[in-house]
Amino acid sequence: MNNDFNIIWLRNDLRLHDNPAFELANQSGLPISVVFIVPEFWLDADASTPFSYPESYLNTSGLVRISKPKARFLRASLIDLQRQLYRQNIQLQMVYGDPVSLFAQWQQQGLQQVFTQQAQAPEENYWLNAIRQQGTDLTTYNNQTLFSEAQLQDAGLSLTAGQWPDSFSGFRRRVEKHLNADLIKANPPVALTVDDYDLQDHDLQGHALQNRSSQRYPSVPWPTDFSGQNDHLPSSRFNLPGGEDNGLARLSAYIWQYDGLNRYKTTRNQLTGQNFSSFFSAYLAWGCLSAKRVLQEIRYFEHELQANEHSQWLYFELLWREYFHWSMRIHGREYFRYSGLAQHNHFQPAPINPQHWQAWNNATTGVPMIDAGLKELIHSGYCSNRMRQNLASYFIHELQLDWRLGAQFFEQHLIDFDVAINWGNWAYLAGVGNDPQHHPDSAQKTPGGQAQGRWFSMNKQLQQYDPQLHHIHQWLPELSGQDLAQVQAHSCGQQTLAHYPAPVMPVAIS
Ligand SMILES: Cc1cc2nc3c(=O)[nH]c(=O)nc-3n(C[C@H](O)[C@H](O)[C@H](O)COP(=O)(O)OP(=O)(O)OC[C@H]3O[C@@H](n4cnc5c(N)ncnc54)[C@H](O)[C@@H]3O)c2cc1C
């Protein structure tokens with residue numbers, strides 16, 4: 001009996017469009033299993049991984065990889081995918097476990113070939129290498145970025161650490177001069193024409209099970225306490241459902257219904273609202289939307305109406321994404337060191353201040369702008385780019401905690417967590433990432449006297465981006481009677497409010 005089968009292993013490409021896996025599976029002709037693996041350590045804070053840090057507090061922070069809002073978005077994306085695959089008579093197999101051991105098992109069972117996307121970061125690189133070393137035939141492709149490796153090389157960009165531009169502007173100049181983004185097109189979906197191979201229906205030797213009395217694989221212990229969790233939350237928050245269909249609908253709605261490309265540059269720094277920015281990030285992060293598909297729609301808008309500063313700015317942000325994605329592939333593990341991409345080791349982490357860390361975790365730092373941002377992040381899994389910058393600045397420069405702990409915290413909570421963008425932005429703000437010197441704020445000193453990194457004055461930011469305190473009042477209703485001057489005076493410790501915690505670290509007056 002022939003038990004041969006192939007696997008499509010989907011990771012951050014939960015979509016049918018612009019996904020080479022399906023065409024490759026059809027070409028091979030063997031029955032296919034379409035698999036999504038939830039690694040154990042995503043949900044188990046104590047699980048050990050081959051990626052422990054030298055600093056034990058980073059391994060024992062109690063953080064997991066998936067919060068409830070993040071799990072909800074992911075599950076919706078998987079359910080959507082399952083629905084779409086069903087129409088092709090294929091089941092999506094959701095498996096909980098260690099990817100490397102699972103592939104070893106499936107190889108015994110008759111697995112011939114695996115189709116999966118290239119690794120984005122060291123952890124996935126480790127999986128792919130370990131699976132290859134077990135003798136599994138892996139075919140990988142890049143379906144994450146706008147440009148291919150060959151296109152970047154044609155533009156004179158070398159993908160090696162010493163030669164890769166260390167600033168975004170250097171990267172952007174080359175791309176804009178040498179690459180034609182108008183030619184980028186996302187491939188349409190390809191229906192699977194091969195048979196379904198159900199992993200649950202076969203024993204470890206690959207024999208079909210006559211009586212499938214119990215599940216072969218443990219079900220995923222999702223953090224499922226979703227019921228009613230949002231009842232008390234502000235209605236104006238990120239609340240879009242996951243999935244390819246919803247991602248494509250959001251793409252169309254933002255551009256054509258909400259007129260986003262005639263407003264984006266003006267509104268993108270707002271803290272509240274439902275359309276101030278595209279809200280494509282979670283769809284891009286899980287791959288429900290391909291970046292190429294987004295760019296194609298921007299170009300179509302420009303062709304039908306006209307290119308303007310807003311449409312160009314959104315493309316510019318996609319280039320930031322592109323830059324971080326390639327930087328992560330090039331620098332890999334360096335991004336996870338305290339000294340980041342810095343060539344020297346001058347930066348040493350200070351011991352963790354438990355009071356500061358606890359206040360951050362509980363969203364009770366006593367600085368209302370920060371607490372409101374943390375509440376939004378924890379409860380909705382999202383906050384604006386402006387808020388993320390402020391949170392990271394306060395964490396790094398005022399609380400003076402190890403920036404990687406902050407990056408891990410974001411990783412747990414952000415529904416749009418993207419390893420390259422998240423770690424890239426945190427390292428950038430900590431002054432150990434790309435572009436460490438040449439930025440307009442580099443001469444700025446934090447109150448602690450640190451010069452490296454980007455520091456923002458919270459009271460100034462509040463005045464500029466939330467003078468009416470809409471965001472604070474939304475997330476901290478107990479401060480609904482307070483105005484800007486009172487919140488600023490409280491935040492810098494000048495005149496604290498009786499009914500709100502005093503700041504654990506007061507911010508600068510202005
Ligand atoms: C400390 C910190 C951590 C962050 N972590 C993440 C993360 O894990 N995942 C993530 O997608 N974004 C992250 N960002 C970038 C940015 O905040 C979000 O992409 C954006 O807020 C998502 O909302 P949007 O899709 O409406 O963005 P828009 O403003 O509409 O931008 C469109 C797209 O461009 C890309 N983009 C926007 N801003 C950036 C940026 N600063 N760097 C790289 N790409 C960008 C994203 O793919 C985004 O979806 C982080 C920013 C900071 C400061």
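Both counts, for ligands and for their atoms, begin at 1 and track the order of listing.
- With a heavy-atom cut-off of 4.0 Å, Leu414 touches ligand 1 through its side chain alone.
- Between Phe279 and ligand 1, a contact under 3.5 Å exists for at least one N or O pair.
- The aromatic rings of Phe279 and Phe276 stand perpendicular to each other, their planes meeting at an angle above 60°, with 30° marking the opposite boundary.
- Ser281 N, 3.0 Å is the protein heavy atom nearest to atom 25 (O) of ligand 1.
- By the 6.0 Å contact criterion, CD on Gln358 is open, its count of non-hydrogen atoms from other residues, nucleotides or ligands being 12 or less.
- Across Val419, Leu318, Asn390, Asn385, heavy-atom proximity to atom 17 (O) of ligand 1 is greatest for Asn385.
- Considering backbone and side-chain N/O of Asn422, one or more are found under 3.5 Å from N/O of ligand 1.
- Salt-bridge annotation for Arg404 and Glu55: present, with a side-chain N of the basic residue lying under 4.0 Å from a carboxylate O of the acidic one.
- Distances from atom 1 (C) of ligand 1 to the protein include at least one heavy-atom value under 4.0 Å.
- For atom 29 (O) of ligand 1, the nearest non-hydrogen atom from the set Tyr264, Tyr315, Tyr283 belongs to Tyr264.
- A salt bridge does not link Glu317 to Arg321: none of the charged side-chain nitrogens sits closer than 4.0 Å to a carboxylate oxygen.
- Counting atoms of ligand 1 from 1 in the listed order, those under 4.0 Å from a heavy atom of Arg321 are 43 (C), 44 (N), 47 (O).
- Note on ring orientation: taking the six-membered ring where Trp is involved, the planes of Phe410 and Trp426 are perpendicular (angle over 60°, cut-offs 30° and 60°).
- A salt bridge links Glu123 with Arg65: at least one charged nitrogen is closer than 4.0 Å to a carboxylate oxygen.
- Ion pair Arg293/Asp18 not flagged as a salt bridge, since none of the NZ, NE, NH1 or NH2 atoms sits closer than 4.0 Å to an Asp/Glu carboxylate oxygen.
- Ion pairing of Asp416 with Arg388 is present here, as a side-chain N (NZ or NE/NH1/NH2) and a carboxylate O approach within less than 4.0 Å.
- Residue contacts with ligand 1: Ser384 is placed with no nitrogen or oxygen under 3.5 Å of a nitrogen or oxygen of the ligand (distance criterion only).
- Taking the six-membered ring where the residue is Trp, His413 and Phe409 present tilted rings, their angle falling between 30° and 60°.
- Near Trp320, meaning under 4.0 Å from one of its heavy atoms, ligand 1 places the atoms 42 (N), 43 (C), 44 (N).
- Atom numbering of ligand 1 starts at 1 in the shown order; those under 4.0 Å from a heavy atom of Leu284 are 47 (O), 49 (O).
- The shortest contact between atom 9 (N) of ligand 1 and any protein heavy atom is with Asp416 O, 2.8 Å.
- Looking at Leu391 against ligand 1, nothing comes within 4.0 Å, counting heavy atoms.
- Considering backbone and side-chain atoms together, Phe417 places no N or O closer than 3.5 Å to any N or O of ligand 1.
- Using a non-hydrogen distance threshold of 4.0 Å, Tyr323 does not register as a contact of ligand 1.
- The atoms of ligand 1 that sit less than 4.0 Å from any heavy atom of Trp426 are 1 (C).
- The shortest heavy-atom distance from Tyr428 to ligand 1 is not under 4.0 Å.
- When Leu289, Val294, Asn425, Asn275 are ranked by how near their heavy atoms come to atom 41 (N) of ligand 1, first place goes to Asn425.
- The ring pair (Phe, Tyr, Trp, His ring centres under 6.0 Å) test with Phe171 singles out one residue from Phe324, Tyr323, Trp320, and that residue is Tyr323.
- Two rings, from Tyr300 and Trp256, have their centers less than 6.0 Å apart.
- His471 places none of its side-chain heavy atoms less than 4.5 Å from the side chain of Tyr465.
- With Trp403, Tyr382, Phe168 as candidates, the residue nearest to atom 23 (O) of ligand 1 on a non-hydrogen basis is Tyr382.
- Across all their heavy atoms, Val504 and Ala359 have their closest contact at CG1-CB, 3.9 Å.
- Contacts between Asp418 and ligand 1, counted as non-hydrogen atom pairs separated by less than 4.0 Å, involve both the backbone and the side chain.
- The parts of Glu317 lying near ligand 1 are both backbone and side chain, judged by heavy-atom distances below 4.0 Å.
- Residue-to-ligand polar distances place Ser278 within reach of ligand 1: an N/O pair is separated by less than 3.5 Å.
- The environment of Leu159 atom CG is dense: over 12 non-hydrogen atoms of other residues, nucleotides or ligands sit within 6.0 angstrom.
- Between Phe73 and Phe238, the ring planes are tilted. Angles from 30° to 60° get that label.
- Scanning all protein heavy atoms for the shortest distance to atom 14 (N) of ligand 1 gives Arg388 NH1, 3.5 Å.
- At least one heavy atom of Gln389 sits closer than 4.0 Å to an atom of ligand 1.
- Here the heavy atom of the protein found nearest to atom 43 (C) of ligand 1 is Ile421 CG2, 3.3 Å.
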